[in-house]
Amino acid sequence: MTVMEQRGAYRPTPPPAWQPRTDPAPLLPDARPYRVLGTEAAGRTDPDLLLRLYRQLVTGRRFNAQATALTKQGRLAVYPSSTGQEACEVTAAAVLEEHDWLFPSYRDTLAVVSRGVDPVRALTLLRGDWHTGYDPHEHRVAPLSTPLATQLPHAVGLAHAARLKGDDVVALALVGDGGTSEGDFHEALNFAAVWQAPVVFLVQNNGFAISVPLAKQTAAPSLAHKAVGYGMPGRLVDGNDAAAVHEVLAGAVRRAREGGGPTLVEAVTYRVEAHTNADDAGRYRSESEVETWRAHDPIVLLEEELTHRGLLDEATRTAARDAAEAMAADLRARMNADPALHPLDLFAHVHARPTAQLREQAEQLRAELEAEAEGAGR
Amino acid sequence: MTTVAARPATMAQALTRALRDAMAADPTVHVMGEDVGTLGGVFRITDGLAAEFGEDRCTDTPLAEAGILGAAVGMAMYGLRPVVEMQFDAFAYPSFEQLVSHVAKMRNRTRGAMPMPLTVRIPYGGGIGGVEHHSDSSEAYYMATPGLHVYTPATVADAYGMLRAAIASDDPVVFLEPKRLYWSKDTWDPEDPPAVEPAGRAVVRRRGSSATLLTYGPSLPVCMEAAEAAREEGWDLEVVDLRSLVPFDDETVCASVRRTGRAVVVHESTGFGGPGGEIAARVTERCFHHLEAPVLRVAGFDVPYPPPMLERHHLPGVDRILDAVGRLQWEAEN
Ligand SMILES: Cc1ncc(C[n+]2csc(CCOP(=O)(O)OP(=O)(O)O)c2C)c(N)n1
Ligand SMILES: [Mg+2]
């Protein structure tokens with residue numbers, strides 16, 4: 001006798017009706033990273049936009065090179081370069097309105113600069129004379145966040161607050177592939193989706209978290225797929241295709257602004273340089289892997305498109321290069337001066353008003369500094 | 001201890017060797033953390049372990065400290081002896097809940113049925129020109145959590161001996177590695193590592209009669225330097241290396257202070273709510289009648305750790321230590 005026969009006429013009462021709370025199909029990312037350059041879609045892109053992005057990429061690349069050089073000269077304590085990732089960095093700033101907010105991760109100095117923050121101020125953290133060198137409110141750029149993924153819930157909270165106040169503000173938050181493993185990433189996505197907050201999460205999947213390749217970081221089909229579990233759309237884009245990144249991010253920002261809620265964008269790119277100037281990438285990856293990515297360079301891709309459409313003459317190239325050199329020369333000159341140091345500032349901003357204990361400690365340091373100065377003067 | 005193989009070794013090398021020897025001696029020892037495998041850790045402390053023991057014994061984890069420590073708890077529940085690496089002091093904070101709510105409490109919660117024989121290695125402290133979040137002295141948080149042991153070596157020999165002891169311990173140990181001493185050197189024989197005092201005991205590093213400097217980890221070399229400099233002022237300072245903040249060696253500490261009659265606690269951690277408060281209170285409670293002066297503290301200021309260009313103003317240095325010694329009420333003697 002089979003089990004079913006034994007059970008006879010017995011039928012359990014059916015469970016209460018169940019259906020998926022959202023249809024997952026429209027949330028799913030494309031099967032392959034979305035591309036524009038070199039495809040039919042390229043024909044629809046605005047030439048002015050492409051030229052603007054081109055100039056920004058050239059300047060951005062020069063910025064990365066200059067900052068790396070400054071580490072070698074001892075002018076920066078460390079520099080995590082975004083070389084090869086400039087399409088994501090400059091576009092993250094380009095798609096935002098002035099009143100929107102950017103939440104950068106520690107590698108995103110270039111995005112901060114692209115948003116209009118003075119490069120020297122953007123580099124303060126890495127130069128080491130203070131932590132955040134700019135007023136976040138001035139350009140609506142949160143402090144560069146070193147503890148990975150911790151900035152993501154902040155972006156959600158800020159966007160939520162703006163909406164509660166009736167303000168038209170979108171927050172765009174940056175994070176790396178490694179950062180998507182942190183709890184804060186997941187909590188931020190969940191809050192954003194539950195609150196339908198106007199947030200865009202941009203994951204720059206550059207293949208590595210220091211030495212750890214993506215394969216050890218996640219078993220997901222793609223990082224963009226993580227969106228689906230939270231009920232928001234995931235978008236997969238070629239992170240070295242500036243036009244594609246721009247289209248996808250601009251679309252996500254528009255959607256957020258119109259009340260459509262958050263989007264998770266995974267931009268597939270590559271960390272061409274070592275993790276920082278202090279890292280030895282030869283310990284964990286081959287030069288040939290790097291070479292295949294150098295061939296898929298964001299500037300080269302854009303140049304090819306512009307050339308193909310007859311939009312890139314020598315004068316345009318030269319102008320872009322000259323502008324980049326001017327930026328670099330200015331940065332070099334200003335970074336080659338020792339910054340003025342203010343040791344007593346250590347006590348000035350710990351609280352709204354220094355406690356009695358901090359005032360005492362400030363006095364102690366002041367006395368020490370005076371004694372030091374006298375000693376030096378003798 | 002002079003054998004043929006003894007030659008200068010760094011604290012980093014001694015730590016690596018301790019992990020290697022512990023893994024070789026005990027197949028339940030598992031090393032895990034961010035970048036500990038192929039790269040050998042950002043400070044190279046786990047260098048070579050994945051190659052020698054395989055990735056199941058030395059594992060690159062996903063980038064998630066709460067997950068790393070939480071998984072280590074589960075592994076310890078099932079009889080393994082995990083050794084977790086946190087990449088930097090401030091990056092251990094996401095794992096704080098696992099540490100405080102489970103690692104520290106599991107033994108007590110289960111009346112001893114489920115101990116947590118795991119080690120959490122944390123490079124800590126400043127003085128390396130690190131940008132924000134790379135230089136915290138977080139020992140006070142751990143000291144304030146019943147259930148945890150807190151070790152911090154200051155010498156090459158202790159780095160080896162105490163890490164072996166931490167891994168062998170059936171209690172969870174927060175093992176704080178003074179990162180600016182990683183490259184400090186001493187004569188040390190990896191093939192025959194010298195025995196060290198048991199973890200949990202303080203050690204007198206310099207004998208003296210005028211006053212006792214109580215210190216640990218990154219501040220030990222500074223105190224030794226201060227003790228040398230103090231000779232010019234006519235002070236003969238004793239220096240005690242606490243080595244283990246939990247358990248705390250009242251006996252060695254108080255024996256020293258009773259002998260000298262004066263004490264200064266020196267550490268990088270903030271003074272307010274820092275370890276020095278506990279230490280000064282213990283000494284005062286136990287040695288009051290031997291003290292010629294209040295126990296003083298030389299500590300980091302009560303500020304978030306400064307940026308690289310300002311950290312020299314924050315860190316306790318020789319001058320501040322000598323100033324404090326000078327305030328130990330010597331007038332009464334003259
Ligand atoms: C919470 C936390 N844990 C660890 C670190 C140390 N750390 C700095 S960068 C990095 C790798 C980050 O990888 P990813 O998120 O992919 O960003 P990428 O460096 O590739 O831009 C790690 C582990 C940190 N900054 N914060
Ligand atoms: Mg990455």
Side-chain angles (χ1 to χ4, degrees), chain A residues 77-78 106 124-132 143-150 176-186 209-213 216-218 275 278-281 283-285 338-339 341-350 355 357-358 361-362 364-365 368-369 371-372, chain B residues 33-44 47 50 55 59-68 70 87-88 90-95 97-98 128-136 270-273 298-314 317 319-320 323:
Chain A
V78 63
Y106 80 105
T124 297
L125 173 74
L126 304 168
R127 178 191 239 190
D129 48 316
W130 197 251
H131 307 292
T132 301
L144 286 154
S145 177
T146 304
L148 300 167
T150 55
D177 46 302
T180 66
S181 294
E182 288 283 4
D184 276 1
F185 170 82
H186 296 272
I210 308 187
S211 71
V212 179
K216 287 186 182 173
Q217 204 65 250
T218 183
H275 164 63
D279 177 39
D280 173 11
R283 289 178 78 104
Y284 53 82
R285 71 180 186 190
D338 288 335
L341 294 176
H342 305 284
L344 292 171
D345 281 2
L346 290 180
F347 308 96
H349 307 291
V350 182
T355 60
Q357 291 76 30
L358 283 176
Q361 291 171 23
Q364 182 196 335
L365 181 57
E368 286 178 9
L369 293 169
E372 199 177 290
Chain B
E34 294 156 10
D35 302 284
V36 299
T38 313
L39 184 65
V42 294
F43 292 107
R44 307 290 186 265
D47 196 16
E55 296 212 359
T59 309
D60 280 330
T61 64
L63 205 172
E65 295 77 10
I68 295 169
Q87 204 157 74
F88 279 86
F91 305 142
Y93 299 147
S95 67
E97 179 177 30
Q98 289 294 340
I128 61 153
V131 301
E132 201 187 5
H133 311 290
H134 290 80
S135 298
D136 281 13
T270 53
F272 198 97
V298 178
F301 292 125
D302 299 326
V303 303
Y305 196 86
M309 288 183 177
L310 296 178
E311 70 178 335
R312 75 177 182 91
H313 300 294
H314 177 74
D319 288 349
R320 272 184 208 152
D323 277 354

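- Contacts between Glu311(B) and chain A at a heavy-atom distance below 4.5 Å are absent for every atom of the residue.
- Proximity to chain B (any heavy atom under 4.5 Å) is restricted, for His342(A), to the backbone atoms N, CA, C and O.
- Proximity to chain A (any heavy atom under 4.5 Å) is restricted, for His133(B), to the side chain, taken from C-beta onward.
- Note that CZ of Phe185(A) and OG1 of Thr150(A) are 13.5 Å apart. Values are rounded to the nearest 0.5 Å.
- Both the backbone and the side chain of Leu346(A) come within contact range of chain B, judged by heavy atoms closer than 4.5 Å.
- Only the side chain of Ala77(A) comes within less than 4.5 Å of a heavy atom of chain B; its backbone N, CA, C and O stay farther away.
- With a 4.5 angstrom heavy-atom cutoff, Pro306(B) touches chain A via backbone and side-chain atoms both.
- With a 4.5 Å cut-off on non-hydrogen atoms, Asp279(A) touches chain B through its side chain but not through its backbone.
- Scanning both residues, Met309(B) and Asp129(A), for their nearest heavy atoms gives SD-CB, 3.8 Å.
- Salt bridge annotation for Arg283(A)-Asp35(B): absent, with no cationic side-chain nitrogen under 4.0 angstrom from a carboxylate oxygen.
- For Phe91(B), the part sitting under 4.5 Å from any heavy atom of chain A is the side chain, from C-beta outward, and nothing else.
- In this structure, CD on Gln361(A) lies 15.0 Å from NE2 on His313(B), to the nearest 0.5 angstrom.
- When all heavy atoms of Pro308(B) and Gly130(B) are compared, the pair lying nearest together is CG-O, 3.4 Å.
- Nearest approach of Val78(A) to Leu126(A), heavy atoms of both residues: O-CB, 3.2 Å.
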